[in-house]
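The block underneath contains the structure these notes are about, expressed in structure tokens.
Chain identifiers are assigned alphabetically (A, B, ...) following the order of the sequence lines, protein sequences preceding nucleic acid strands; residue numbering begins at 1 within each chain.
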Number of protein chains: 2
Amino acid sequence: MGKQMTEMLKGTLEGIVLAILGGQPAYGYEITARLRDQGFTDIAEGTIYALLVRIEQRGLVDVEKVPSEKGPPRKVYSLNTLGSGYLEEFWKTWSFLAERIEHLHIGHPQEQGEK
Amino acid sequence: MGKQMTEMLKGTLEGIVLAILGGQPAYGYEITARLRDQGFTDIAEGTIYALLVRIEQRGLVDVEKVPSEKGPPRKVYSLNTLGSGYLEEFWKTWSFLAERIEHLHIGHPQEQGEK
DNA sequence: ACCAGTACATAGTATCGCTGAATAGCAGCT
DNA sequence: AGCTGCTATTCAGCGATACTATGTACTGGT
């Protein structure tokens with residue numbers, strides 16, 4: 001992708017990760033891999049780990065260290081009550097924004113240019 | 001709104017403004033007012049003006065100074081060819097992201113279940 | 001003269017995601 | 001034992017964006 005995606009991910013990537021953790025606990029490497037599978041091929045590992053540190057410091061997740069058979073111990077993150085509330089607000093914010101943007105999209109379909 | 005919205009607007013606000021300009025030319029103050037009408041009550045004027053300066057410097061818009069009866073001359077921005085292409089890419093990026101996020105939303109609404 | 005409304009501009013701050021590298025454990029191969 | 005590759009986490013420095021707060025400039029009403 002490119003710069004547009006990078007900027008657009010600001011604020012939403014956090015929600016995406018929280019939503020994934022809302023489904024089931026996971027650790028950083030796993031989350032990165034899952035995102036890649038879903039098409040986010042350009043998201044750097046470092047980005048996810050930094051994000052996980054942030055949401056941990058804000059108390060949105062609980063952490064448990066689990067030994068791995070193939071490397072250093074995994075830090076397994078799970079969404080706690082505070083995180084669930086935050087995720088709920090994320091969905092509200094997202095819905096608000098998405099609704100208005102879709103409205104703009106339908107309002108003036110930009111299908112006139114050719115590439 | 002709050003901090004979530006602030007972060008989420010990064011990257012999307014530019015697309016929103018370009019989409020508005022794609023509908024018809026407009027000037028900064030007007031754009032700000034229209035955004036407020038649409039529910040974006042917390043978007044500061046300074047944010048819009050700074051954004052307009054950026055997209056002008058990138059050559060995405062053409063500018064025309066039009067005298068106003070009630071204040072300093074208006075800077076009317078209109079989307080040019082380059083800007084249209086950029087807007088088109090914005091919609092692609094947005095669609096990609098929105099699709100995946102909606103999938104996450106539908107994927108695990110409130111319950112966590114096994115697949 | 002004062003103030004509200006219109007209209008634009010900007011310096012300073014905080015946050016976020018990316019780049020690039022370092023650190024560390026384990027397995028298989030030579 | 002050393003090398004390579006995969007797993008797994010961490011961190012410093014950078015670029016881009018939106019917000020805060022303020023300032024400038026013009027018009028009309030009181």
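- No donor-acceptor pair closer than 3.5 Å links the side chain of B:Tyr86 to the backbone N or O of B:Gly15.
- By the 4.0 Å N-to-carboxylate-O rule, B:Lys3 lies too far from B:Glu7 to be salt-bridged with it.
- A distance of 14.0 Å separates OH in B:Tyr27 from CD1 in B:Ile48, rounded to the nearest 0.5 Å.
- Note: CD (B:Gln4) to C1' (C:dA14) measures 16 Å, nearest angstrom.
- Using a 4.5 Å cut-off on side-chain heavy atoms (C-beta onward), B:Ile101 and A:Ile16 make contact.
- For A:Phe40 and C:dG17, the CZ to P distance is 12 Å, given to the nearest whole Å.
- DNA chain C is contacted by A:Glu69, A:Lys70, A:Gly71, A:Pro72 of residues 65-78 of chain A, taking any non-hydrogen atom closer than 4.0 Å.
- One finds the CE atom of A:Met8 at 9.0 Å from the CD atom of B:Glu14 (value rounded to the nearest 0.5 Å).
- Residue B:Tyr29 contributes atom OH, which lies 14 Å from atom P of C:dA4 at whole-angstrom precision.
- The residues A:Glu30 and A:Arg74 are annotated as not salt-bridged, no charged nitrogen and carboxylate oxygen being separated by less than 4.0 angstrom.
- Between the side chain of B:Lys10 and the base of C:dT15, at least one donor-acceptor pair of N or O atoms lies under 3.5 Å.
- When rounded to the nearest whole Å, the span between CE of B:Met5 and C1' of C:dA14 equals 19 Å.
- Heavy-atom distances under 4.0 Å link DNA chain C to B:Glu45, B:Gly46, B:Tyr49 of residues 45-58 of chain B, given in residue order.
- Rounded to an integer number of Å, the gap from CD of A:Glu7 to P of C:dC18 is 9 Å.
- A heavy-atom distance below 4.5 Å is found between the side chains of B:Leu9 and A:Leu97.
- Rounding to the nearest 0.5 Å places CZ of A:Arg100 at 10.5 Å from OG of A:Ser95.
- Between chain B and DNA chain D, the heavy-atom contact criterion of under 4.0 Å yields a 5' to 3' nucleotide range of D:dT17 to D:dT27.
- A perpendicular orientation is assigned to the rings of A:Phe96 and B:Phe40, their planes being inclined by more than 60° (bins at 30° and 60°).
- In this structure, the side chains of A:Leu18 and A:Phe90 stay at 4.5 Å or more apart for every pair of heavy atoms.
- For the pair A:Glu102/B:Trp94, a side-chain contact is recorded, criterion being any heavy-atom separation below 4.5 Å from C-beta on.
- Summarising the geometry, the separation between CE on A:Met8 and P on C:dG17 is reported as 14 Å, rounded to the nearest angstrom.
- In this structure, the CD1 atom of A:Ile43 is 9 Å from the P atom of C:dG17, given to the nearest Å.
- Between the C1' atom of C:dC16 and the CG atom of B:Leu97 lies a distance of 15 Å, rounded to the nearest Å.
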